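Order of the sequence lines sets the chain letters (A, B, ...), proteins ahead of strands, with each chain counted from 1. On a predicted model such as this, the values are computed, not experimentally measured, just so you know.
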Amino acid sequence: MKSTKAELIPKAFDSKSQEESLYKLWEESGYFKPDNVQKYLENSNKEVQKPFVMTLPPPNANGDLHMGHTCGYSFHDAMGRFNRMTGHPTLLIAGKDHAGIQTETVFTKRLRAEGIDKWDLGREEFNKRCYEFCLNAADNARSQEKRIGLSADWDSEFFTLDPRLTDVIYETFFKMLEDGLVYRDKRIINQCPHCRTALADIDTYHKELPGVFVYMVYPFVDEADKELAKKKFGAEGITVATTRPETMLGDTAVAVNPNDERYKEFIGKKVLLPIANREIPVIADDAIDIETGTGALKVTPAHSPIDFEIAQRHNLEIINVINEEGKMSGKVPERFLGMETIDCSKALVKELQELGLFVNLERIKHEVAVCERCDTPIQPIISFQWYVNTKPLAEKALEALNTGATKVIPEGQQKALTYFFENIQPWCISRQLWWGHRIPVWYSGSKELHDWLMDNPGKTTQDFEKEVGKEAHGSGKVFASVEKPNVDPDWDNEKNLEFEAEQDVFDTWFSSGQWPFSTTTSIGGFDKYFPTDVMVHARDILFWWSARMMMLSLYRTGKTPFHTVFLHGIINAPDGTKMSKSRGNTVSPVELFDKYGVDSLRLWYYSDALPGANAPLREEKIKGNRNFVNKIWNASRFVLMNIDDSELDSIRDRLEKAGFDGERVNANKEHVGKVVEYLSKHQYNLGTEQIREFFWHEYCDKWIEEVKAAIKDEQVGSEKRIELLSELVFLLKENLKIMHPFIPYITEAVWQELVKLELADGILMIQQI
RNA sequence: GGGCGAUUAGCUCAGCUGGUUAGAGCACCUCGUUUACACCGAGGGGGUCAUAGGUUCGAAUCCUAUAUCGCCCACCA
């Protein structure tokens, strides 16, 4: 009867109870830090390869991780572990995102629940409290990142508003301003009247809402035109159609297609804008679709992007009639001032009816852009914002793609990115929020003065005083600096001088677009760790994030920030639809960790969440992976159980001598070679399949069975037993190593069982493949 | 409207630069309780690789068209 210590090992691998202590073992080993990996390699006379570095996408500091986050981190970690085990001092830099508008919304609600109004609190106090809130809340996300096994250096973790990063981000802005790449410009923006901020297109989504389509007549000014119109159309004017009648008060033209036979003879004529009683021209523009509506478009440059472009082409006046809160304002008849747009719309329709200029009202459903956070329909309004001229930046990025300095996996997305760079639009980087990096700019005099001067080229501060009726306290020039400046060379009245701080903050992508070099710079490792190696994220933020990182890194450092962008698949609900909170079909990764173990979920990601794929969640596959993980546990247990305690010394000696050869060892080498190749080529699905196939059906089903039969009748301690069991242990260890990047927990757990029997040393994470 | 991609076993998908009987996991069927594991073992069924043409000695793989689906961007008077 054999006596073996290994018989005490439990029958099933209980992932949940072991994951925490295994993670602790890794973390406390210090090998999440590249310097320690380097020391280890040097001490064990291994060749030190160049560092392997990844900066990780920072999740929202105050949220839970979703299936997509843990998917990304699974890939990060497999890459990190593989490189760490092949001679590369490896650094994974994690982060937590301040997430601009989302966090401001969340925290404002929290404050309100405590009975605090953010406006009473003031900006400075709000930001202070929100910062604390985020730092505290970040523990939650961080513990989930650790749970997935992420081998990041937590001492290099950054919150995106960290003052060290801010310095770098501001420098970039100053440089761009100097180089003329940032400028202030008047454009149509998406205004959320509820959140009182400009929104990027990505912060909005489209929703089908009931609306109206109102036809109304703008009468001609000249009697002759009226006559002609009456003959042609049966009305003394031109009929236009709109879904937003309230914007008519800001109309400055009616546009028709130059090829539209109906209106040809009216081009250049004038109509009288009803109610506002303003004469506006009929103009011709190619952008007008003859088929839509009446083929005649009322042009409201201040409140519609298309109209704005038309206005630019034709030098039309721009009249703002809706303010930031979505209320009627500006040059509108007094009775409409302060009205909600919808009320104003109704009132106008009524007045038009009375004037006999109302033609028809259709009730329609149409797609409206709404605020992603609060569902409020956005108001396109015109305002001055800060822009980046992305054209020259995109050219450099294109070059990086074309020369192969950066490549995107999957290939199709590389084409999409190329197309994006080729057709890039100016980038609005200012947001009217409190929560974020304040744009480090001061206006001499006031922001109003500066924008007025921009609006009125050729005019002076004296004109401003006269026409606006306010005193000028500076030249209206812009000063870029963090601290308030105290001199303005263009303003001689020093006593009178005042500076107004820019209140807007940067778009979060402007700061996160600098992530690879802002973080490495801030830990003092720019020279050593930049450029980084691989960027991993889901493909939905390719244009927003990686594109920006490429442009800004090339601008600041002259180098592309990473040689590979790896876009993992998107995890969908089991029925194939998108997971979303509003649909209530989300699945929490933590739930799956608990149920099947982290390794099982990781394996599923590697096999299903491939670049270019949408992976519907398949629990039964994760369950299958759990079975594989358990198989590893039991196979290892069986090998150890076959070793009698009295044989341990001989097997240790045999293992130290190394020099195993023969069929199995060769087959195993070939197997390891294949997996290494798959990992190097980012073919994780093939790697997963390979380790599963090989370990289960070769190592377990063949080798263990063969050895089992061969040693059945052997005396304990016989030469044959020692040789065969030693070989089996050797092969087990080799397999644990190559499987570790995929499934770190189970492999390390087994390794530690080997360590207990002194059949292995140290920790598996740092062993070299 | 523009761009990208997909269509292979019941389900989810592999199949790299064209080459013997097209693969995996899960599901299904049969047999098996031999002291590692039933979260197991042995075996099995199941696919004219969306459709139509073409290139080739040879096509799931390359080309063209069609159909269906998905994603992204732009727009929606």
Side-chain angles (χ1 to χ4, degrees), chain A residues 6-7 9 11-13 201-202 206 208 211 213-215 240-245 247-248 251 254-256 287-289 291-300 304-307 310 364 366-369 410-420 422-425 538-544 569-570 572 574 576-578 596-597 600 603-604 607-642 677-678 681 683-686 688-690 692-693 696-697 700-701 704-705 708-709 712:
Chain A
E7 272 170 354
I9 301 172
K11 247 178 137 172
F13 177 60
D201 292 338
I202 197 176
H206 290 82
E208 192 171 81
F213 203 42
V214 175
Y215 292 80
V240 295
T242 179
T243 53
R244 298 167 62 211
T247 61
M248 71 165 287
D251 285 359
V254 170
V256 297
I288 308 305
D289 181 5
E291 305 294 323
T292 310
T294 61
L297 170 70
K298 56 186 268 320
V299 182
T300 321
S304 155
I306 280 212
D307 298 12
I310 294 172
I364 56 160
H366 64 153
E367 292 271 311
V368 179
E411 227 175 303
Q413 293 298 307
Q414 169 139 351
K415 286 187 208 159
L417 185 59
T418 301
Y419 187 83
F420 172 81
E422 283 167 352
N423 297 283
I424 197 141
Q425 297 298 309
R539 68 168 179 275
D540 53 356
I541 54 169
L542 177 64
F543 304 148
W544 307 107
I570 291 184
N572 284 334
T577 59
K578 240 182 194 166
Y596 303 108
S600 315
L603 279 175
W604 180 69
S607 57
D608 278 39
L610 301 172
N614 293 326
L617 184 63
R618 280 293 112 89
E619 254 192 74
E620 61 279 12
K621 290 184 95 169
I622 302 172
K623 190 172 157 191
N625 293 334
R626 194 265 323 263
N627 296 352
F628 173 55
V629 167
N630 194 54
K631 183 80 183 176
I632 298 171
W633 181 252
N634 272 293
S636 311
R637 195 171 130 253
F638 179 70
V639 170
L640 298 181
M641 274 169 54
N642 266 285
E677 198 189 328
Y678 291 143
K681 290 184 177 168
Q683 296 173 313
Y684 299 93
N685 57 322
L686 300 181
T688 304
E689 199 179 318
Q690 177 70 25
R692 182 196 193 98
E693 171 66 25
W696 202 322
H697 301 298
C700 295
D701 293 346
I704 285 184
E705 293 305 323
K708 203 197 263 183
K712 208 170 129 205

Closest to the [X] side chain: [options]?
X      : options            : result
A:Y419 : B:C37, B:A14, B:G2 : B:G2
A:K621 : B:A14, B:U12, B:C4 : B:U12
A:A635 : B:C73, B:A36, B:C4 : B:A36

Take atom CD in A:E620; do more than 12 heavy atoms of anything else shown fall under 6.0 Å from it?
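Correct, the count exceeds 12.
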
Distance check: side-chain N/O of [X] vs OP1/OP2 of [N], anything under 4.0 Å?
X      : N     : result
A:W696 : B:G41 : yes
A:K631 : B:C40 : no
A:N627 : B:C40 : yes
A:K578 : B:C72 : yes
A:K623 : B:G25 : no

Please determine whether a side-chain nitrogen of the Lys or Arg among A:E677 and A:K681 lies less than 4.0 Å from a carboxylate oxygen of the Asp or Glu.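 Looking at A:K681 together with A:E677, the answer is yes, because their closest N to O distance falls below 4.0 Å.
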
Less than 4.0 angstrom from a charged side-chain N to a carboxylate O is my criterion; do A:R618 and A:D608 meet it?
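A:D608 and A:R618: not salt-bridged.
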
Quick one: does [X] reach the base of [N] with a side-chain donor-acceptor pair under 3.5 Å?
X      : N     : result
A:R618 : B:C26 : no
A:K415 : B:C4  : no
A:Q683 : B:A14 : no

Measuring only the [atom1] atom in each nucleotide, how far is [N] from [M]? A whole number of Å is fine.
N     : M     : atom1 : value
B:G10 : B:G3  : P     : 35 Å
B:U64 : B:A27 : C1'   : 39 Å
B:G18 : B:A42 : P     : 36 Å
B:C40 : B:C62 : C1'   : 45 Å
B:C11 : B:C28 : P     : 15 Å
B:C63 : B:U55 : P     : 15 Å
B:G47 : B:U7  : C1'   : 14 Å
B:C26 : B:U21 : P     : 27 Å

Atom-to-atom span, [atom1] of [X] to [atom2] of [N] - whole angstrom:
X      : N     : atom1 : atom2 : value
A:N423 : B:G3  : CG    : P     : 10 Å
A:D608 : B:C11 : CG    : C1'   : 11 Å
A:N625 : B:C26 : CG    : P     : 8 Å
A:E422 : B:C73 : CD    : P     : 18 Å
A:R539 : B:C71 : CZ    : P     : 9 Å
A:I424 : B:C72 : CD1   : C1'   : 15 Å
A:W633 : B:A36 : CH2   : P     : 17 Å
A:E705 : B:U34 : CD    : C1'   : 10 Å

Just checking [X]: base, sugar-phosphate only, or nothing, at a heavy-atom cut-off of under 4.0 Å?
X      : value
A:R692 : sugar-phosphate
A:F213 : sugar-phosphate
A:I306 : sugar-phosphate
A:F543 : sugar-phosphate
A:D701 : sugar-phosphate
A:E411 : nothing
A:K712 : nothing
A:W604 : nothing
A:L686 : sugar-phosphate

In Watson-Crick or G-U wobble terms, both distances under 3.5 Å, what is the partner of [N]?
N     : answer
B:A27 : none
B:C75 : none
B:C69 : B:G5
B:U33 : none
B:A60 : none
B:C49 : none
B:U20 : none

* Please work out whether the ring planes of A:W696 and A:F628 are parallel, tilted or perpendicular, with thresholds of 30° and 60°. =>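 The rings of A:W696 and A:F628 lie parallel, inter-plane angle below 30°.
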
**Study point:** Which residue lies more 5' along RNA chain B, comparing A:V214 with A:I570 via nearest heavy atoms
**Key:**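 Looking at RNA chain B, the more 5' nearest nucleotide goes with A:I570.
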
Q) For A:F638, is the NZ or CZ atom of A:K708 found under 6.0 angstrom from the centre of its six-membered ring and inside 45 degrees of the ring axis? A) yes

query = Does A:Y596 have A:R626 sitting over its ring (NZ/CZ under 6.0 Å from centre, angle to axis within 45°)?
reply = no

Value for CH2 (A:W604) from CG (A:N625), rounded to nearest 0.5 Å, stands at 10.0 Å

Q: For A:N614 and A:R539, test the side chains for any donor-to-acceptor distance below 3.5 angstrom and give the result as yes or no.
A: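 Result is yes, a qualifying pair exists.
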
_What verdict does the side chain to side chain donor-acceptor pair (under 3.5 Å) test give for A:D251 and A:T300, after you've listed the backbone C-alpha separation in whole Å, the side-chain angles of each residue and the deciding distance to 0.1 Å?_
CA-CA 4 Å; A:D251 285 359; A:T300 321; 2.6 Å; yes

